[in-house]
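Below is one structure, written out as structure tokens; the observations come after it.
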Number of protein chains: 2
Amino acid sequence: MSSTGRPTSRDVAQAAGVSQSTVSLVMGGKWTGRISPATAQTVQEAAVRLGYRPNLAARNLRLGTTRTVMLIIPSLAAPFFGAVHAGAARVAAEHGFGVVVYPWPDDAGPADSPFAAPHEAIDGILTSSLAADVVSRFSGTPVVMLDSDPEGGATTVLFDVAEGMRAVAAHLAALGHRRIGHVAASIDQWTFRIRGDALAAAVRAMPGGSLIRASGTLDVGSARDAAGELLDRHNRPTALVCDDDLMAAGAYKAARARGLDVPRDVSVTGFDDLQLAIALEPELTTVRLPAEALGAQGMTALLGLLDGGRPRPRSLPGELIVRTSTAPPPPPR
Amino acid sequence: MSSTGRPTSRDVAQAAGVSQSTVSLVMGGKWTGRISPATAQTVQEAAVRLGYRPNLAARNLRLGTTRTVMLIIPSLAAPFFGAVHAGAARVAAEHGFGVVVYPWPDDAGPADSPFAAPHEAIDGILTSSLAADVVSRFSGTPVVMLDSDPEGGATTVLFDVAEGMRAVAAHLAALGHRRIGHVAASIDQWTFRIRGDALAAAVRAMPGGSLIRASGTLDVGSARDAAGELLDRHNRPTALVCDDDLMAAGAYKAARARGLDVPRDVSVTGFDDLQLAIALEPELTTVRLPAEALGAQGMTALLGLLDGGRPRPRSLPGELIVRTSTAPPPPPR
DNA sequence: CTGAAAGCGCTTACAG
DNA sequence: CTGAAAGCGCTTACAG
């Protein structure tokens with residue numbers, strides 16, 4: 001064994017009485033028809049005995065690949081992106097790939113952050129919610145974009161958020177709601193633009209439908225203020241459609257602060273179906289976005305890209321989960 | 001430039017009219033006193049012009065290090081561990097290290113999972129909430145354990161959860177509570193054992209104090225059932241101390257389902273201070289655990305270990321955050 | 001101050 | 001069926 005402690009293929013070769021290249025062939029699983037089964041078994045036993053594991057740096061150097069993919073997301077502290085990571089890492093592991101996460105800080109834009117991490121050796125990039133023009137900076141590195149503008153030219157895996165928002169609107173319309181308030185995320189991302197556009201179109205199609213909107217950031221306090229602004233209007237909406245579940249929690253607070261009961265006085269809907277949705281009282285009617293599947297499908301597409309393929313864009317359906325935060329509107333005052 | 005497209009130090013050397021070793025010295029920042037400033041500048045310009053970035057696999061092979069650390073945690077879908085990751089990744093990046101996350105699935109134990117990822121080339125391991133005996137499997141790889149049993153022999157960075165739990169008990173005692181219910185996590189981990197022991201000792205020290213306990217898993221539904229069991233006792237507790245914030249959300253539900261108001265009829269406390277704590281109504285009195293700092297301090301300790309140091313164990317204080325889910329107990333019936 | 005050379009541990013033609 | 005050898009792109013003594 002080499003003096004540094006960790007055994008190399010050369011050590012295994014010596015222990016098994018064969019050449020180093022034979023060890024490499026056996027360990028790489030490319031020996032059938034080239035090495036006698038008896039020799040192969042001797043090598044495998046020696047490898048196990050010595051606790052041999054191939055040096056990845058050497059393999060990577062030789063093959064020109066790292067079998068590592070970078071996942072760029074807004075924040076891992078958001079449970080949604082934790083699920084995206086889980087799906088991506090699962091599929092990656094099935095193919096012998098690792099995932100390095102690059103969360104960019106809230107204050108730093110995506111513009112330069114990932115490139116401040118020059119120590120990363122990666123084969124490809126999986127990224128969520130990035131502005132499309134940022135893709136151009138990834139010159140040469142294969143990219144798959146998640147839940148992002150498909151017009152950017154990159155391969156995308158999307159949620160069908162427009163269909164999800166139409167399902168919300170149809171549900172509210174069926175309950176009898178006409179005056180809809182949109183508690184919107186004030187974030188310039190494709191997914192939120194689409195949600196807003198789809199809701200506006202759906203309300204426009206309702207007979208007698210009207211839509212008002214207030215924006216906030218993706219946190220409880222900001223959403224509470226935005227929702228409160230809508231509830232303080234003269235002719236207040238009977239339903240608040242929120243851009244995600246956390247904002248819906250803020251809408252609950254705005255309603256309660258005004259003595260309004262959810263759902264008797266005002267209905268509230270969310271988006272994502274996080275664990276929060278059932279932690280709230282009443283439990284939240286929301287659109288379930290399959291975050292784990294997004295990560296998994298995205299990684300599948302990226303591995304296809306790395307294989308030289310041309311994976312086609314995919315879109316994952318959201319599902320309306322009706323719980324107890326929505327009900328018919330109160331009778332006119 | 002080499003035919004594969006990506007420039008190497010050899011390409012830069014040719015463009016700058018110097019040798020490859022000079023390029024390496026300049027790029028590695030080890031040139032002062034060895035290379036003339038003029039030459040160094042020529043090299044740097046050529047490197048920028050060609051878009052040269054050192055091949056990490058080659059550097060890793062040469063140096064016998066990967067500058068990568070594996071973070072092993074229960075799940076990234078839990079926002080708590082997202083924050084741990086953020087802290088660890090921040091400190092790692094400051095030292096030119098990358099972090100690979102290894103979340104183990106809920107159903108698989110930690111026993112073999114990380115070793116089913118043999119494609120990872122790592123220098124060290126940062127891990128949370130692992131059973132102490134698992135450390136022995138990491139033979140040879142430096143390990144720092146987070147929020148885990150310090151008796152295991154590994155370097156640890158802990159939360160002072162015992163002190164946090166004592167603060168909860170003191171807060172409740174000061175409000176007048178004596179009959180305490182513990183909604184406990186049924187997970188065999190150091191951090192939860194300590195929470196239970198500290199609470200038991202604190203209640204024992206209260207004049208007239210009594211403690212009953214029910215256990216559940218770390219989710220809303222299971223915690224709701226456990227809390228409900230306590231609330232259905234003949235002489236029901238006036239306060240429910242929950243092992244984390246999500247379980248507290250379950251306790252809220254159990255109370256509401258029985259027509260009990262929080263905090264008028266029963267006080268509830270949590271642990272962690274996740275975003276959920278202020279999304280709930282009423283906002284949750286809880287112990288804030290600095291998850292980002294845990295990851296950061298853990299990574300600092302691990303880098304110290306990799307530097308050949310012997311970092312001493314650290315303990316991070318929790319902070320009781322009093323909100324509106326706790327109040328004096330109702331008058332005796 | 002600069003360059004030629006060794007060598008990290010692999011994979012993979014190539015020769016036998 | 002097996003082995004000797006080249007070479008991936010670096011870092012770092014060593015020679016000049």
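Numbered from 1 within each chain, the chains take letters A, B, ... in sequence-line order.
Helical stems in DNA chain C, defined as runs of 3 or more consecutive Watson-Crick or G-U wobble pairs with both donor-acceptor distances under 3.5 Å, are listed by first residue as C:1-3 with D:14-16, C:5-12 with D:5-12, C:14-16 with D:1-3.
With sequence neighbours excluded, the residues that form a side-chain hydrogen bond (donor to acceptor under 3.5 Å, both in side chains) with Asp123(B) are Thr65(B), Thr66(B). Looking at residues two or more places apart in sequence or on another chain, you find no side chain to side chain contact (heavy atoms under 4.5 Å, CB included) involving Arg62(B). Take Arg10(B) and apply the side-chain hydrogen bond (donor to acceptor under 3.5 Å, both in side chains) test, not counting sequence neighbours, and it matches no residue.
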Please tabulate, one pair per line, all N/O donor-acceptor pairs under 3.5 Å involving side-chain atoms of residues 16-29 of chain B, not counting sequence neighbours.
| residue | atom | partner | partner atom | Å |
| --- | --- | --- | --- | --- |
| Ser19(B) | OG | Ser21(B) | N | 3.4 |
| Ser19(B) | OG | Ser21(B) | OG | 3.1 |
| Ser19(B) | OG | Thr22(B) | N | 3.2 |
| Ser19(B) | OG | Thr22(B) | OG1 | 3.1 |
| Gln20(B) | NE2 | Ser9(B) | OG | 3.0 |

Could you pull out all donor-acceptor pairs under 3.5 Å where a side-chain atom in residues 294-316 of chain B meets a protein atom, sequence neighbours excluded?
| residue | atom | partner | partner atom | Å |
| --- | --- | --- | --- | --- |
| Gln297(B) | OE1 | Arg314(B) | NH1 | 3.1 |
| Thr300(B) | OG1 | Ala296(B) | O | 2.9 |

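Residues in residues 16-41 of chain A take part in no salt bridge (charged side-chain N to carboxylate O under 4.0 Å, His left out) pair, two or more places apart or across chains. Sorted by first and then second residue, the salt bridge (charged side-chain N to carboxylate O under 4.0 Å, His left out) pairs with a member in residues 82-102 of chain B read Arg90(B)-Glu94(B), Arg90(B)-Glu292(B); sequence neighbours excluded.
In this structure, the side chains of Leu126(B) and Leu146(B) come closer than 4.5 Å at one or more pairs of heavy atoms.
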*What string of B, S and - do you get for nucleotides 10-16 of chain C, 5' to 3', when a contact is any protein heavy atom under 4.0 Å?*
BBB----
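In this structure, CG of Asn60(B) is placed 11 Å from C1' of dC8(C), rounded to the nearest angstrom.
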